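Keep in mind the model is a prediction, meaning the values are calculated, not measured. Numbered from 1 within each chain, the chains take letters A, B, ... in sequence-line order.
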Protein chains: 2
Amino acid sequence: MTAPALDVFQVIADPSRRQMLHLLSNESMTINALAENFDMSRPAVSKHIKIMYNAGFISITDIGRERYCTLKQDGFNELQDFINYFDKFWTSKLKKLETILNNKAGK
Amino acid sequence: MTAPALDVFQVIADPSRRQMLHLLSNESMTINALAENFDMSRPAVSKHIKIMYNAGFISITDIGRERYCTLKQDGFNELQDFINYFDKFWTSKLKKLETILNNKAGK
DNA sequence: ATAATGAGTAACTTTTAGGTTACGTAAAGT
DNA sequence: ACTTTACGTAACCTAAAAGTTACTCATTAT
């Protein structure tokens with residue numbers, strides 16, 4: 001179960017990973033603690049964690065034999081950039097519409 | 001090449017589809033016009049369009065034998081919701097940090 | 001009327017993400 | 001010292017996404 005290197009968009013494409021991110025938004029958790037919330041084997045969870053780590057969504061701190069996973073902002077920023085681009089598209093489109101309407105009102 | 005029903009996260013997981021959305025942010029385009037920008041067959045593009053249409057990212061207007069694809073906001077809104085959730089997480093985390101720093105400064 | 005064009009559908013192949021079990025290793029418990 | 005626990009890694013399997021070619025249909029052009 002070697003983890004493939006996925007980009008941020010592929011990371012959040014998986015429902016289980018999105019769920020893990022939600023769980024981690026409440027508290028830092030170990031691999032096993034996370035695995036208890038899912039109907040899949042621990043190695044499967046382990047792989048997901050690695051994928052999210054590689055894409056910059058989480059940081060990992062080893063404490064003894066445990067690995068604590070914590071949310072990290074980097075991965076989310078890339079997503080934000082994507083959304084922002086299209087956000088600008090909609091708002092500028094809206095402004096154009098406003099301009100047209102104002103011109104009509106003015107005449 | 002029947003198109004599978006994918007959710008908004010799976011839609012933007014594909015680089016070609018993200019590229020198509022970018023192209024459509026400049027102007028509405030037909031299937032063929034889109035296909036010219038990609039190193040893949042027209043049926044392949046056609047399938048991507050169907051997937052994005054089903055997920056609410058584009059609307060389609062038939063003019064004669066041509067299909068004009070236009071960006072639609074619905075799909076993006078779902079993504080925005082996801083981002084917003086974690087955005088709140090980061091800002092509230094930052095506020096907690098501020099509170100701690102202020103308390104220290106006050107003593 | 002016939003040819004050419006724009007696009008959807010069907011059948012098929014390939015790739016790969018996501019899961020499994022089996023095993024190895026280091027830290028903690030008894 | 002031995003056992004248990006927490007995790008990673010390897011080898012493997014399966015399902016499905018993404019691509020292809022071949023075909024058909026409807027619209028436009030000649």
Side-chain angles (χ1 to χ4, degrees), chain A residues 1-24 27-70 75 79, chain B residues 1-24 27-70 75 79:
Chain A
M1 173 121 40
T2 316
L6 305 180
D7 62 45
V8 294
F9 300 99
Q10 288 173 306
V11 165
I12 63 158
D14 186 272
S16 300
R17 286 195 288 265
R18 289 200 301 276
Q19 180 68 20
M20 291 178 192
L21 292 174
H22 269 104
L23 286 169
L24 291 175
E27 53 175 347
S28 294
M29 297 170 77
T30 65
I31 307 283
N32 266 341
L34 270 169
E36 283 171 15
N37 294 277
F38 295 89
D39 186 25
M40 71 174 78
S41 67
R42 189 198 43 76
V45 173
S46 196
K47 193 189 69 171
H48 282 302
I49 293 296
K50 194 172 189 178
I51 287 170
M52 293 190 283
Y53 172 79
N54 286 337
F57 281 91
I58 61 176
S59 60
I60 297 175
T61 310
D62 289 331
I63 298 182
R65 62 188 167 184
E66 290 180 320
R67 316 201 79 188
Y68 280 87
C69 306
T70 309
L79 289 175
Chain B
M1 172 123 40
T2 316
L6 305 181
D7 63 46
V8 294
F9 300 99
Q10 288 174 306
V11 165
I12 64 157
D14 186 273
S16 300
R17 285 195 289 262
R18 289 200 300 275
Q19 180 67 21
M20 291 178 193
L21 291 175
H22 269 104
L23 287 169
L24 291 176
E27 51 175 349
S28 295
M29 297 171 76
T30 65
I31 308 282
N32 266 342
L34 271 168
E36 282 171 14
N37 293 277
F38 295 90
D39 186 24
M40 70 175 79
S41 66
R42 189 197 45 74
V45 174
S46 195
K47 192 190 67 170
H48 283 303
I49 292 297
K50 194 171 190 178
I51 288 171
M52 293 191 284
Y53 172 79
N54 287 336
F57 281 90
I58 62 176
S59 60
I60 297 175
T61 310
D62 289 330
I63 298 182
R65 62 188 167 187
E66 290 181 319
R67 315 201 80 189
Y68 279 87
C69 306
T70 310
L79 290 175

What is the distance, to the nearest angstrom, from the CD1 atom on Ile60(B) to the P atom on dG6(C)?
17 Å

Without swapping roles, check the side chain of Arg18(B) against the backbone of Ile12(B) for a donor-acceptor pair under 3.5 Å.
yes

Rounded interatomic separation in angstrom, taking CG from Asp62(B) and P from dT28(D)
11 Å

Can you tell me how far C1' of dA17(C) sits from CZ of Phe9(A), to the nearest Å?
18 Å

Out of dA6(D), dA4(C), dA18(D), minimum distance to the side chain of Arg17(B) belongs to dA18(D)

Run the numbers on Met20(B) and Met29(B) for side-chain contact (heavy atoms from CB on, under 4.5 Å), then give the verdict.
CA-CA 10 Å; Met20(B) 291 178 193; Met29(B) 297 171 76; over 6 Å; no

Rounded to the Å, how far apart are Asp14(A) CG and dA15(D) C1'?
14 Å

Would you say a side-chain N or O of Lys47(B) is under 4.0 Å from OP1 or OP2 of dA17(D)?
no

Round to the nearest Å and state the distance from Lys50(B) atom NZ to dA17(D) atom P.
14 Å

Look at the side chain of Gln10(B) and the backbone N and O of Asp7(B), then say whether any donor-acceptor pair between them is shorter than 3.5 Å.
yes

Heavy atoms only: give me the nearest Met52(A)-Val11(A) pair and the separation to one decimal.
CG-CG1, 3.8 Å

Which of these nucleotides, dT9(D), dA6(D), dG8(D), is closest to any side-chain atom of Arg65(A)?
dA6(D)

From the options dA18(D), dG19(D), dG19(C), select the nucleotide whose nearest atom is closest to the side chain of Ala44(B).
dG19(D)

Between dG8(D), dA7(C), dA17(C), which one does the side chain of Ile31(B) approach most closely?
dA7(C)

Side chain of Arg42(A) only, please: which of dG8(C), dA18(D), dG8(D) is the nearest?
dG8(D)

Over how many whole Å does the gap from Ile12(A) atom CD1 to dG18(C) atom P extend?
13 Å

By nearest nucleotide on DNA chain C, pick out whichever of Ala13(A) and Gly64(A) is the more 5' one.
Ala13(A)

Find which nucleotide of DNA chain C each of Ile51(A) and Ile63(A) is nearest to by heavy atoms, and output the residue with the more 5' nucleotide.
Ile51(A)

Separation of dG6(C) atom P from Ile49(B) atom CD1, nearest Å, is 16 Å

Ser41(B) side chain: which of dT20(D), dG18(C), dA18(D) is closest?
dT20(D)

Take atom CD of Gln10(A) and atom P of dA18(D), then tell me their distance rounded to the nearest Å.
9 Å

Looking at His48(B), does any N or O in its side chain come under 4.0 Å of the phosphate oxygens OP1/OP2 on dA17(D)?
no

Can you find a side chain N or O atom of Arg67(B) that sits less than 4.0 Å from OP1 or OP2 on dG8(C)?
yes

Show your working on side-chain contact (heavy atoms from CB on, under 4.5 Å) between Leu6(A) and Asp14(A) and close with a plain yes or no.
CA-CA 11 Å; Leu6(A) 305 180; Asp14(A) 186 272; over 6 Å; no

If the cut-off is 4.0 Å, is Asn32(B) near the phosphate of dT5(C), judged by side-chain N/O to OP1 or OP2?
no

Heavy atoms only: give me the nearest Ile58(B)-Tyr53(B) pair and the separation to one decimal.
O-CD1, 3.4 Å

Closest of dG19(D), dG19(C), dA17(C) to the Ser16(A) side chain is dG19(C)

Any Thr30(B) side-chain nitrogen or oxygen under 4.0 Å from OP1 or OP2 of dG6(C)
no

